[in-house]
Amino acid sequence: MQVLESGIGELIQPFDLDEFREWNRTKKTRKLVDKRMTEQEAIRQFVYDGCYIGTELYGTVRCPMSLAREVVRQGRKNLRVCGQGVLELDLWLAAGIIKKLDITYIGLEVYGTTAALRRAVESGQVETCVEWSNGSISWRMKAAAMGVPFLPTRSMLGTDMLKYSAAKVVEDPFTGTKVALLPALVLDVALIHVHRADKHGNCQIEGISGFALEMSRACKRLIISAEEIIPTEEIRKYPDRTVIPYYLVDAVVHAPYGSYPGEMAYMYGRDEPGIKEWVEMSKTAEGAKEYLDKYVYGLKNHAEYLKLIGDERLQQAVELREKRE
Amino acid sequence: MQVLESGIGELIQPFDLDEFREWNRTKKTRKLVDKRMTEQEAIRQFVYDGCYIGTELYGTVRCPMSLAREVVRQGRKNLRVCGQGVLELDLWLAAGIIKKLDITYIGLEVYGTTAALRRAVESGQVETCVEWSNGSISWRMKAAAMGVPFLPTRSMLGTDMLKYSAAKVVEDPFTGTKVALLPALVLDVALIHVHRADKHGNCQIEGISGFALEMSRACKRLIISAEEIIPTEEIRKYPDRTVIPYYLVDAVVHAPYGSYPGEMAYMYGRDEPGIKEWVEMSKTAEGAKEYLDKYVYGLKNHAEYLKLIGDERLQQAVELREKRE
Amino acid sequence: MTEQTYSKTELMICVAARLFEDGTTCFIGTGIPMLAAMLASKTTAPNLVPVFEFGGTGAILEELPRAVGEARTFHKGISALGICDTMETAQRGFIDYGFLGGAQIDPYGNLNSVTIGEHDHPKVRLPGSGGGNDVGSHCWQTIAIMQHDARRFVPKVDFLTTPGFLTGPGARVAAGLPPGTGPIAVVSTLALMDYHPESCRMRLKSLHPGVTVEEVVANTGFELVIPDKVGANAPPSAEELRLLRDEIDPEKLYI
Amino acid sequence: MTEQTYSKTELMICVAARLFEDGTTCFIGTGIPMLAAMLASKTTAPNLVPVFEFGGTGAILEELPRAVGEARTFHKGISALGICDTMETAQRGFIDYGFLGGAQIDPYGNLNSVTIGEHDHPKVRLPGSGGGNDVGSHCWQTIAIMQHDARRFVPKVDFLTTPGFLTGPGARVAAGLPPGTGPIAVVSTLALMDYHPESCRMRLKSLHPGVTVEEVVANTGFELVIPDKVGANAPPSAEELRLLRDEIDPEKLYI
């Protein structure tokens, strides 16, 4: 089972299984303590310059947009980012705070490629892009979540993706099948937005789970933002709906409309004009700066942001929600 | 990444990823067809002598006991079994229909070791026992479910478990960590009991999921028994509760009290006297035969079984259910 | 009977939609593939099972999804799980088709969505593989949908993101990709292409109305296999156009 | 004040229960460990987080589970997931303690629950590892609960199912098991044992009431490390016995 090929991409965040175990033993309490705090406190306490960070899911879908804005507001920089992202990572790129990317996809989906990514990468401001497929980056987190150093896949074989990644190709010793081995990925900080959490961090999600299960189990610090804070009795009534148990969580931030202008399944839909505003303004560096001034730097916190958006637009988003019918 | 050690246990069910893919391409319809049938039809059609078969979860917990009895009733034999089991596999062992075992645990839990297992293995009637831990056998199914030939783990290292398994030890090429590689496991037939399914096989489960997700994705044929058959509209209203999608499923059997004398979370509890009856009678070969005559061979189907048990006892089991409160 | 007017994009979507096989599972990428899948499910493939990478399977496509994770991707769906489950379903051989876009395509159907120019100092940084590489690796058959011009149809992609036939016959299996998989068609703004069964090179199959072989050749940056008989793609029907304009993309995001 | 009478099993459970550390995660195997965990959660460890392998975490143990998957293992629990999640949580280092039983134990704390005699032609076929091997491999500290006699406390287990210290100092890490893990105690019907920090061999720690060192030695099939000072385990308190008999095992399944 020798290594047949090795990607030349940098392993931006090397993995040490025993160190991760030791972290989980000593830095994560098993006690049911109250972890509620403001977004300012959570970002101040857990996000630091140069840390390896990721967000779940996508800027327009159940994404911790309020936390992502706070990271910019507090001026964190030189971030190393695990990136499949839409609005949230685009915002970070435009703010110039990303140094290295394990990139899978950063784009505006229906609105195409992003100018902020182009500016940041083509200018060399982002120093390194290591390539992974969406499946591969998720499996890298899944490896860490399983507590193993790697997972095999047939993704990326035969392509430049393999070459510009940090994966390795081996032959399966049982069947001779060629597989790529994906190194486990543990984030320093993960940001995940959920429908409901209790004060301890027990979380419920509706709709697709994206890669929330994997990411929540593959990070050293986990900041949860939640649309709603619910009593622990409610969690205990439906233990089969807890997808992220409290012991994984370091901070719980109450963030109604936390995914806005993106959506939250069964709660509110996308605000298309809100998204288009970024799409248009981010086409130039000046426009992006103006947007950041208006929606990030010029506001104190998420509450002020919601006030700026206004009840009427939020209510419109609620009208557009997916319904159980 | 050379192989440092290889278990001497037989690989009872060798895995071929490409053959599994081809099976999934050609033998599993993507159409929403009505797959409802009786337990007789399902077992007759999909379970054959010598097949490699498994049941989920445990004989006393959300287990397809009505299907397990039908397998005995139809005289299937020489089964190769993936075994973590309580009442269901004990019944099969007592009926003499198991030839080879990938064994993890077969016992009566609170009531201790099983005499049926002892008789079957110590007499040589079960020809082969290959040893796996509960985690390892689940990860073997998870490997198949992921569509990869193996998964790494640190379980089984350094013990006779590794030696008497079919695992291999290698060094992780990224970090040098020693890991056991578990070969993927695809069952010929899997039997899974769920709370609710529609006629196409879309399934919902409450309470713990055991290894239902992994096993349902790691088999060539999947027979579902369900407490309740619900309309597809109900499935589509809660797509986030479908843990087993229809395209994995070959047969849907309506089986109220299908897990009896075991339990079904939030529906009915264990019938302790019903379980003890097997515990006591199975202590001797004669007693086991008497039990099988009474509850399996002497009855035509699950409906007759339920009639024999009687409404009163079933109602008692319902009273003992776990409640959401 | 009046002549309908339609755009090249509308035509491309209609030709792509007709390729969907009813009763199959199909991985749907962002953008044009979503419109084609919707049109197919409302016309010739009512039992199509759309699969969206972040977890939605079997949605009823009543409104156009604008993101691969939004609620419309599991609207009245049969399941809403996560990305690992979806990708693993593909890796196990359960996804029949994959519909993809890209910035460049080469004669072997390899796609590029990472960089134009050198990877480490790119002229243009594109969004990245996303699920594209996974779809191209694991789905049984993949279909690309592309604008047709010589900058996009290139002899060699700058960065091989999503595997087509790689370097040609046998190369996929030699690389470890699953046997029996690969690209089967390209729908462009000019024509429908398939691949020569022996050489694995892209081959013209049928032309859009009003397009000539010469026009396709002139807009293709590599030598396209031209068969003796080239077919003709039917123009959009009135019903196809109505569906596209009134039901599928009334906001005119794409058309 | 009247002397309480109690059985050896009741005493063993009480001594085991006192070992649970409040506010820790603890993998609970079938049988006696469940009774000990319940007693602990009702006395000294009200914030114990019991973990049951098939998916239940943080249950409130109001009634004794009779199977590791039954609803009582996630009764008012904080989560009810599956076996892979639970085992992976352990593999990631999140489970502090594992409480286990076995048919045989050796001086290094290795446990056997597979076969007595040769594996392929066993004299006695035992149930198998179950989750035992996983618990012994991944939990930070493991505690065994055993009947104490020379047939069970053996120089070498017939089949090494659940890793203790394997062949002695350094052997776990050499085999690839996580550093810092291993057995820390054995609670038997006669005494409480721990392990010598250098030799990793089992060591007598404290005696149950009325038991002598000689009695322990006579019932142990290998040379036990006997320290200069041997402690004494308190008998069950009236409250412990009341809880055990009235609340934990009123059906007398174990006691």
Side-chain angles (χ1 to χ4, degrees), chain A residues 15-33 141-149 151 184 186 197-205 209 212-214 216-220 222 230-249, chain D residues 20-27 41 45-52 54-62 69-97 134 137-141 172-173 176-182:
Chain A
F15 174 67
D16 181 330
L17 182 46
D18 292 329
E19 191 231 332
F20 187 43
R21 279 183 57 94
E22 194 61 36
W23 179 279
N24 289 337
R25 180 185 202 174
T26 56
K27 307 280 177 131
K28 307 290 267 196
T29 182
R30 281 67 159 137
K31 297 211 173 92
L32 288 163
V33 298
M141 289 187 252
K142 185 167 179 164
M146 292 178 67
V148 297
L151 281 179
V186 172
D198 72 0
K199 64 183 177 187
H200 310 298
N202 291 300
C203 300
Q204 298 179 346
I205 283 174
S209 52
L213 277 74
E214 291 77 18
S216 65
R217 287 152 176 81
C219 58
K220 291 188 170 175
L222 174 55
I230 59 173
T232 300
E233 293 68 46
E234 190 65 14
I235 293 288
R236 290 189 181 275
K237 192 167 168 185
Y238 299 100
D240 39 7
R241 300 205 189 149
T242 307
V243 288
I244 301 174
Y246 73 97
Y247 53 81
L248 301 170
V249 176
Chain D
F20 284 82
E21 196 183 334
D22 198 27
T24 61
T25 45
C26 195
F27 226 116
S41 73
N47 303 303
L48 185 76
V49 183
V51 180
F52 295 93
F54 285 107
T57 297
I60 294 180
L61 298 172
E62 290 176 0
E70 73 162 312
R72 292 171 183 189
T73 63
F74 52 91
H75 173 69
K76 298 183 185 171
I78 61 109
S79 67
L81 297 159
I83 182 169
C84 286
D85 187 74
T86 307
M87 291 301 183
E88 292 159 12
T89 300
Q91 197 159 239
R92 285 202 310 281
F94 265 108
I95 315 290
D96 301 313
Y97 290 94
D134 305 299
S137 299
H138 307 297
C139 293
W140 287 104
Q141 306 192 306
R172 282 182 69 96
V173 169
L177 293 170
T181 58

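Here the structure is a predicted model, which means the values were calculated and not measured. To find a chain, count down the sequence lines: A is the first, B the second, and so on, and within it residues start at 1.
- For the set Pro178(D), Gly93(D), Pro179(D), the entry with the most heavy-atom pairs within less than 4.5 Å of chain A is Gly93(D).
- Between the side chain of Arg30(A) and the backbone N or O of Phe94(D), at least one donor-acceptor pair lies under 3.5 Å.
- Neither the backbone nor the side chain of Glu233(A) comes within less than 4.5 Å of any heavy atom in chain D.
- Of all the listed residues (Arg236(A), Arg217(A), His200(A)), the one sharing the greatest number of non-hydrogen pairs under 4.5 Å with chain D is Arg236(A).
- The OG1 atom of Thr89(D) sits 7.0 Å away from the CG atom of Leu248(A) when rounded to the nearest 0.5 Å.
- Judged purely by atom type and a 3.5 angstrom limit, Arg92(D) uses its side chain to pair as donor or acceptor with the backbone of Ala145(A).
- Without hydrogens or angle criteria, Arg21(A) side chain to His138(D) main chain gives a donor-acceptor distance under 3.5 Å.
- Chosen from Ile60(D), Asn47(D), Leu48(D), Asp22(D), the residue pairing most often with chain A at heavy-atom distances under 4.5 Å is Ile60(D).
- Listed by first and then second residue, the salt bridge (charged side-chain N to carboxylate O under 4.0 Å, His left out) pairs involving residues 237-248 of chain A are Asp240(A)-Arg324(B) (not counting sequence neighbours).
- The distance from the CG atom of Asp85(D) to the CE atom of Met146(A) is 10.5 Å, given to the nearest 0.5 Å.
- Listed by chain and residue number, Ser133(B), Ser155(B) satisfy the side chain to side chain donor-acceptor pair (under 3.5 Å) test with Asp134(D) (two or more places apart in sequence, or in another chain).
- Per-residue counts of heavy-atom pairs under 4.5 Å with chain A were compared for His75(D), Met87(D), Lys76(D); the largest is that of Lys76(D).
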Checklist entry - Do Val49(D) and Tyr247(A) pass the side chain to side chain contact (heavy atoms under 4.5 Å, CB included) test, and can you show the C-alpha distance, the side-chain angles, and the key distance before you say yes or no? => result CA-CA 10 Å; Val49(D) 183; Tyr247(A) 53 81; 5.7 Å; no
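- Put simply, OG on Ser79(D) and CD1 on Ile235(A) are 10.0 Å apart, with the number rounded to the nearest 0.5 Å.
- The line from OG1 of Thr24(D) to NZ of Lys31(A) is 9.0 Å long, rounded to the nearest 0.5 Å.
- Judged by distance alone, the side chain of Thr242(A) and the main-chain N or O of Ile78(D) form a donor-acceptor pair under 3.5 Å.
- Top candidate by heavy-atom pairs under 4.5 Å with chain A, chosen from Ala80(D), Gly56(D), Gly23(D), Gly58(D), is Ala80(D).
- To the nearest 0.5 Å, atoms OG1 (Thr25(D)) and CG (Asn24(A)) are separated by 10.5 Å.
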